[in-house]
Amino acid sequence: MARILLIDDDEASLDFMRHVMRVDGHELAHAADGEQGLALVQQFRPELIICDVVMPHLGGYAVLETVRADPQFSKLPVLLFSAFMTEEARAMALQRGATEVLAKPFDLEQLHGAVGRCLGQRP
């Protein structure tokens, strides 16, 4: 399966995603904010980043922009999610380079679909 980095400051969301991804056989790393997440990108070398937009210290858009600016990781699929994912925010996330976007709360089927599409676009 794939190496997936989960970045989220909400423990309940993180627990749900960890459980789903482990059951699916993925290797996981997780971080509670964008700063920790970016440090893990270099160490863990994920094949997919799943990242909340709104977090302390460094949010999802900053994580996305940093990853896209790094030639080593510029093609790395990034799935952004947020409880505040309006159509305008969705369009902005995709314009900034997100591979997929989910609105919270999302269910198992939505998560599986988005992860599958992201992993299908791995470089």
Which heavy atom of [X] sits nearest to which heavy atom of [Y], and what is that distance?
X: P71; Y: S74; value: O-OG, 3.6 Å
X: F44; Y: L28; value: CZ-C, 3.7 Å
X: G37; Y: A31; value: N-CB, 3.4 Å
X: F16; Y: L111; value: CE2-CD2, 3.9 Å
X: A93; Y: V101; value: CB-CG2, 3.8 Å
X: A32; Y: M55; value: O-SD, 4.2 Å

Less than 4.5 Å apart, side chain to side chain, heavy atoms only: is that true for [X] and [Y]?
X: F81; Y: D52; result: yes
X: L38; Y: V67; result: yes
X: I49; Y: F73; result: no
X: R68; Y: V78; result: yes
X: P46; Y: I4; result: no
X: V53; Y: M85; result: yes
X: L64; Y: C51; result: no

* Asked: Above 12 or not: heavy atoms from other molecules or residues under 6.0 Å from CD of Q42?
  ->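 More than 12 within 6.0 Å, yes.
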
* To do: Kindly work out whether a path of hydrophobic side-chain contacts (I/L/V/M/F/W/Y, heavy atoms less than 4.5 Å apart) joins L14 to V23.
  => no

At what distance, to the nearest 0.5 angstrom, does [atom1] of [X] lie from [atom2] of [Y]?
X: L76; Y: D70; atom1: CG; atom2: CG; answer: 9.5 Å
X: L79; Y: I7; atom1: CG; atom2: CD1; answer: 11.5 Å
X: C118; Y: L48; atom1: SG; atom2: CG; answer: 5.0 Å
X: D8; Y: M17; atom1: CG; atom2: CE; answer: 4.5 Å
X: E100; Y: R90; atom1: CD; atom2: CZ; answer: 7.0 Å

* To do: Test E11 against D15 for side-chain contact (heavy atoms from CB on, under 4.5 Å), laying out the working first.
  => CA-CA 6 Å; E11 198 62 39; D15 284 345; 3.4 Å; yes

* When H26 is tested against each of R3, R18, M21 for side-chain contact (heavy atoms from CB on, under 4.5 Å), which residue passes? ->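 The passing option is M21.
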
* Structure fact -> Sequence neighbours excluded, the answer for side chain to side chain donor-acceptor pair (under 3.5 Å) partners of R45 is Q72

* Asked: So, H112 versus D24: side-chain donor-acceptor pair below 3.5 Å or not?
  ->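 On atom types as modelled, these side chains qualify, holding a pair under 3.5 Å.
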
* **Donor-acceptor contact present, side-chain Q110 to main-chain D107, <3.5 Å** =>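 Yes, because the side chain of Q110 sits within donor-acceptor range (under 3.5 Å) of the backbone of D107.
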
* Between R96 (side chain) and Y61 (backbone), is there a donor-acceptor pair under 3.5 Å? -> no

